[in-house]
Chemist: 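Sharing a structure here in structure tokens format.
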Amino acid sequence: MFLRSLSNKLRNLTGSPYVLFPTLVLAFFIFNLMSTKIMSQLSINLLDSYLAGYTKTQAIQTLELLGPKGRDLYMTMYTSYYDIIFPILLAIIVISMLSKTYPILGYENQKSFSDLYNLIPILGLIFDELENYCHYQILKNYPSSTIDTYIYFGSNFCLLKYVFIFFGIFLLTLGFFINIFLFIKYIVFSKNNNNNNNNLNQNNNKKSK
């Protein structure tokens, strides 16, 4: 199965700390650059920040409030490739974390649909990059009426991006607590089992005497 094969390859590629740690460092570095050079200088909500997408009115209002300098600064997120590289790094991090969380503890050797959960960040990445392309075209062509199409699609891609981001976070949280519960259950079961074996051995020793 193609999806399972892809899932396994991603699990192997992102599972190494030599991949995960540099990715975390680079993601933090780029996010810090975006925050200090761009977002901190723009005092309004950007198009990326609308969790449920945005209307044409909201988009135009945002662009007008930004002004020419603000729009140019906003565009550097794309022309400097900050918001192109960052989603890729974020996807690698979440893929790695989902790969380590699923399959659930004790079910590693059983094929399950949960094995494919590490593919979800790829969908989020695709919609994120499509959204970025639309935002770049909106900023580049404003105030031309040609931006209407990009506003429509950009809003939908923005919504879908957040759907997969929050779904991935939900799965990570759920998997974490399930694994913790199963680990504690295993420890308790092992302890009880050892106690039972010790009691049985003691009884056998008494009988032999």
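Just so you know, these numbers use all the heavy atoms, side chains as well, and skip hydrogens, waters and symmetry mates.
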Chemist: For the CE atom of Met77 and the CG atom of Leu139, what is their distance to the nearest 0.5 Å?
Modeler: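 That separation rounds to 10.0 Å.
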
Chemist: Under 4.5 Å between side-chain heavy atoms, counting indirect links through other Ile/Leu/Val/Met/Phe/Trp/Tyr residues: same cluster for Val188 and Phe177 or not?
Modeler: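 Yes; tracing contacts between hydrophobic side chains, which count when under 4.5 Å, links both residues.
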
Chemist: What side-chain donor-acceptor pairs closer than 3.5 Å can you find for residues 117-127, not counting sequence neighbours?
Modeler:
from: Asn118; atom 1: OD1; to: Ser7; atom 2: OG; distance (Å): 2.7
from: Asn118; atom 1: ND2; to: Ser7; atom 2: O; distance (Å): 3.1
from: Asn118; atom 1: ND2; to: Ser7; atom 2: OG; distance (Å): 3.4
from: Asn118; atom 1: ND2; to: Ser99; atom 2: OG; distance (Å): 3.0

Chemist: Check whether any side-chain heavy atom of Leu174 sits under 4.5 Å from a side-chain heavy atom of Tyr102, and report yes or no.
Modeler: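 In short, these two side chains touch, coming nearer than 4.5 Å.
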
Chemist: Give a yes or no on whether Leu46 and Leu51 share a hydrophobic cluster (residues Ile, Leu, Val, Met, Phe, Trp, Tyr; joining criterion: side-chain heavy atoms under 4.5 Å apart).
Modeler: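 No, Leu46 does not connect to Leu51 through the hydrophobic network.
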
Chemist: For residues 30-38, run the donor-acceptor check on the side chains, cut-off 3.5 Å, and write out each pair with its distance to 0.1 Å, sequence neighbours left out.
Modeler:
from: Ser35; atom 1: OG; to: Phe31; atom 2: O; distance (Å): 2.9
from: Thr36; atom 1: OG1; to: Asn32; atom 2: O; distance (Å): 2.8
from: Thr36; atom 1: OG1; to: Leu33; atom 2: O; distance (Å): 3.4

Chemist: Output the distance between atom CD (Glu131) and atom OH (Tyr150), rounded to the nearest 0.5 Å.
Modeler: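 The distance works out to 15.0 Å.
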
Chemist: Can you check whether Leu47's main-chain N or O pairs, donor with acceptor, with Tyr74's side chain at less than 3.5 Å?
Modeler: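 It does hold such a pair.
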
Chemist: With a 3.5 Å distance limit and no angle check, can you tell me whether Ser155 reaches the backbone of Gly53 through a side-chain donor-acceptor pair?
Modeler: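 Such a contact is absent between Ser155 side chain and Gly53 backbone.
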
Chemist: Please examine the side chains of Leu98 and Leu172, heavy atoms only from C-beta on, and report whether any two atoms are closer than 4.5 Å.
Modeler: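 In contact.
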
Chemist: Supply the atom-to-atom distance His135 NE2 to Met75 CE, rounded to the nearest 0.5 angstrom.
Modeler: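 One gets 12.5 Å once the value is rounded to the nearest 0.5 Å.
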
Chemist: Applying side chain to side chain contact (heavy atoms under 4.5 Å, CB included), run through Ile165 and Val94 and close with a yes or a no.
Modeler: CA-CA 9 Å; Ile165 286 175; Val94 180; over 6 Å; no

Chemist: Under 3.5 Å, side-chain donor or acceptor atoms of residues 62-73 against the rest of the protein: list the pairs with distances, not counting sequence neighbours.
Modeler:
from: Thr62; atom 1: OG1; to: Tyr50; atom 2: OH; distance (Å): 3.3
from: Thr62; atom 1: OG1; to: Gln58; atom 2: O; distance (Å): 2.8
from: Arg71; atom 1: NH1; to: Leu63; atom 2: O; distance (Å): 2.8

Chemist: In Å, rounded to the nearest 0.5 Å, how long is the span from CG of Asp83 to OH of Tyr136?
Modeler: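 One finds 14.0 Å between CG of Asp83 and OH of Tyr136.
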
Chemist: Donor-acceptor check, side chain of Ser96 to backbone of Thr14, threshold 3.5 angstrom: yes or no?
Modeler: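 Checked: pair present.
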
Chemist: In this structure, would Phe21 and Leu13 fall into the same cluster of hydrophobic residues linked by side-chain contacts under 4.5 Å?
Modeler: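 No, separate clusters.
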
Chemist: Ignoring hydrogens and angles, tell me if any N or O in the side chain of Asn179 forms a donor-acceptor pair with the backbone of Thr101 under 3.5 Å.
Modeler: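 The answer is yes, because a donor-acceptor pair under 3.5 Å joins these two groups.
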
Chemist: Could you check Gln137 against Ile147 for side chain to side chain contact (heavy atoms under 4.5 Å, CB included), going step by step and ending with a plain yes or no?
Modeler: CA-CA 7 Å; Gln137 291 297 331; Ile147 67 171; over 6 Å; no

Chemist: Check the pair Ile60 / Ile151 against side chain to side chain contact (heavy atoms under 4.5 Å, CB included), numbers first and verdict last.
Modeler: CA-CA 9 Å; Ile60 297 299; Ile151 289 175; 4.2 Å; yes

Chemist: Would you find more than 12 non-hydrogen atoms of other residues, nucleotides or ligands less than 6.0 Å from Tyr78 atom OH?
Modeler: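 Enclosed: over 12 neighbouring heavy atoms sit under 6.0 Å from OH of Tyr78.
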
Chemist: So if you build clusters from Ile, Leu, Val, Met, Phe, Trp, Tyr with side-chain heavy-atom gaps below 4.5 Å, do Leu26 and Ile84 land together?
Modeler: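 Yes.
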
Chemist: Rounded to the nearest 0.5 Å, what's the gap from CZ on Phe86 to CZ on Phe28? Could you check?
Modeler: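 It comes to 10.5 Å.
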
Chemist: Got a sec: does the OH of Tyr82 have more than 12 other heavy atoms crowding it under 6.0 Å?
Modeler: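 Enclosed.
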
Chemist: Check Pro17 against Pro22 and note the closest heavy-atom contact, atom names and distance.
Modeler: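 For Pro17 versus Pro22, the nearest heavy atoms are O-CD, 3.6 Å.
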
Chemist: Using only atom types and a distance under 3.5 Å, with no angle test, would you say the side chain of Lys100 pairs donor to acceptor with the backbone of Gly15?
Modeler: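 Answer holds: yes.
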
Chemist: Going by atom types only, do Thr146 and Ser144 share a side-chain donor-acceptor pair under 3.5 Å?
Modeler: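 The answer is yes; a qualifying pair exists.
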
Chemist: To the nearest 0.5 Å, what is the distance between CZ on Arg4 and NZ on Lys9?
Modeler: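 Between atom CZ of Arg4 and atom NZ of Lys9 there are 14.5 Å.
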
Chemist: List the steps and the verdict of side chain to side chain contact (heavy atoms under 4.5 Å, CB included) for Phe157 and Asp128.
Modeler: CA-CA 7 Å; Phe157 291 145; Asp128 199 342; over 6 Å; no

Chemist: Does one hydrophobic cluster hold both Ile85 and Phe29, with members joined at side-chain heavy-atom distances below 4.5 Å?
Modeler: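 Same hydrophobic cluster.
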
